[in-house]
Amino acid sequence: MRILLVDDTEDVRETVGAMAKSLGHDVIAVDNAIIAVKLAAADPPDLVLMDLFMPEVDGAQAAAALHSISPLRHLRIVLITAFPEKLSPHVREGSWDGLLIKPFNLHDLERVLKRFDGGASGP
């Protein structure tokens with residue numbers, strides 16, 4: 001599965017990217033949501049792992065932007081955050097398919113990725 005990993009923290013990109021690669025996935029890692037939307041629109045990944053709280057454009061805004069692009073309407077997006085208590089009701093009901101709470105381990109990531117492997121572009 002091809003995963004687009006979006007997180008503004010380099011350590012998170014390196015760690016989560018390495019974890020996903022160890023599970024056999026291809027990973028493209030970027031540090032902001034604006035770049036992620038452009039990349040996904042040009043070459044859609046199978047799944048997006050997106051940090052919720054980032055500067056400029058947050059993960060919830062980026063998820064909505066991705067799903068507003070016709071070919072990406074059904075793109076699977078998993079938000080990742082270290083601050084689940086800061087999720088507003090609007091964000092809780094947002095345009096994503098899963099949530100990972102930082103810190104998470106390899107088993108947690110594998111469990112989430114298995115939900116989407118093989119069916120990432122379906123409704």
Side-chain angles (χ1 to χ4, degrees):
M1 179 165 52
R2 235 177 68 199
I3 298 170
L4 176 57
L5 171 61
V6 188
D7 199 295
D8 60 317
T9 305
E10 184 175 359
D11 288 347
V12 172
R13 289 191 311 274
E14 289 176 2
T15 302
V16 175
M19 288 168 42
K21 286 177 183 178
S22 78
L23 295 170
H25 302 287
D26 294 324
V27 178
I28 301 157
V30 298
D31 64 357
N32 76 66
I34 295 169
I35 293 171
V37 171
K38 290 178 183 177
L39 283 175
D43 188 14
D46 298 311
L47 177 77
V48 177
L49 291 175
M50 176 122 41
D51 186 21
L52 180 56
F53 298 108
M54 293 183 288
E56 295 184 57
V57 176
D58 69 27
Q61 293 167 321
L66 287 166
H67 285 157
S68 73
I69 300 168
S70 184
L72 302 178
R73 269 194 330 252
H74 300 295
L75 179 64
R76 303 297 192 201
I77 301 171
V78 174
L79 288 182
I80 54 179
T81 184
F83 307 102
E85 69 281 359
K86 293 184 180 180
L87 294 175
S88 68
H90 170 72
V91 170
R92 281 189 202 109
E93 298 168 9
S95 300
W96 68 81
D97 303 284
L99 180 68
L100 270 169
I101 308 300
K102 297 178 201 175
F104 52 87
N105 61 35
L106 183 63
H107 175 73
D108 297 331
L109 180 63
E110 181 177 33
R111 183 175 29 83
V112 168
L113 296 181
K114 278 186 177 181
R115 287 180 42 209
F116 303 108
D117 204 5
S121 60

Side-chain heavy atoms under 4.5 angstrom apart, residues restricted to Ile, Leu, Val, Met, Phe, Trp, Tyr: same cluster for [X] and [Y]?
X   : Y   : value
V57 : F83 : no
L72 : V30 : yes
I34 : I77 : no

For residues [X] and [Y], report the shortest heavy-atom separation together with the two atoms involved.
X   : Y   : result
L79 : A60 : CD2-N, 4.4 Å
I80 : D51 : O-OD1, 3.1 Å
M54 : A33 : CE-CB, 3.8 Å
A36 : V6  : CB-CG2, 3.4 Å
A41 : I69 : CB-CD1, 4.0 Å

Query raised in the report: Less than 4.0 Å between a side-chain N and a carboxylate O, is that true for D97 and R115?
Result: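 No salt bridge links R115 with D97.
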
Query - Carboxylate-amine/guanidinium contact R111 D108, below 4.0 Å - result: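 Answer for the salt bridge query: yes.
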
Going by atom type alone, with no hydrogens or angles, which donor-acceptor pairs under 3.5 Å involve a side-chain atom of residues 9-22 and a protein atom two or more places apart or on another chain?
from, atom 1, to, atom 2, distance (Å)
R13, NH1, D7, O, 2.8
T15, OG1, D11, O, 2.9
S22, OG, M19, O, 2.7

Query raised in the report: Where the side chain of H67 meets the backbone of L75, is there a donor-acceptor pair that is under 3.5 Å apart?
Result: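 Side chain of H67 to backbone of L75, a donor-acceptor pair under 3.5 Å: yes, one is there.
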
Requested in this report: Indicate yes or no: at least one non-hydrogen side-chain atom of L109 is less than 4.5 angstrom from one of L49.
Outcome: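 In contact.
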
Query - Residue list, side-chain hydrogen bond (donor to acceptor under 3.5 Å, both in side chains) with D26, at least two apart or on another chain - result: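 In terms of side-chain hydrogen bond (donor to acceptor under 3.5 Å, both in side chains), with neighbours along the sequence ignored, D26 is linked to no residue.
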
Query raised in the report: Partners of I28 by side-chain contact (heavy atoms from CB on, under 4.5 Å), sequence neighbours excluded?
Result: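 Here the qualifying residues are R2, L4, L39.
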
Query raised in the report: Which residues pass the side-chain contact (heavy atoms from CB on, under 4.5 Å) test with V112, sequence neighbours left out?
Result: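 V112 satisfies side-chain contact (heavy atoms from CB on, under 4.5 Å) with V78, L100, F116 once adjacent residues are dropped.
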
Report task. Applying salt bridge (Lys or Arg N to Asp or Glu O under 4.0 Å), name anything that partners K38, two or more places apart in sequence or on another chain. Result ->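 Partners of K38 under the salt bridge (Lys or Arg N to Asp or Glu O under 4.0 Å) test: none.
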
Query raised in the report: Which of these passes side chain to side chain contact (heavy atoms under 4.5 Å, CB included) with P55: N32, D8, D31?
Result: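 The single option meeting the side chain to side chain contact (heavy atoms under 4.5 Å, CB included) with P55 is D8.
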
Spatial distance of atom [atom1] ([X]) from atom [atom2] ([Y]) [nearest 0.5 Å]:
X   : Y    : atom1 : atom2 : result
M50 : T81  : CE    : OG1   : 13.0 Å
L23 : L113 : CG    : CG    : 6.5 Å
M1  : K114 : CE    : NZ    : 11.0 Å

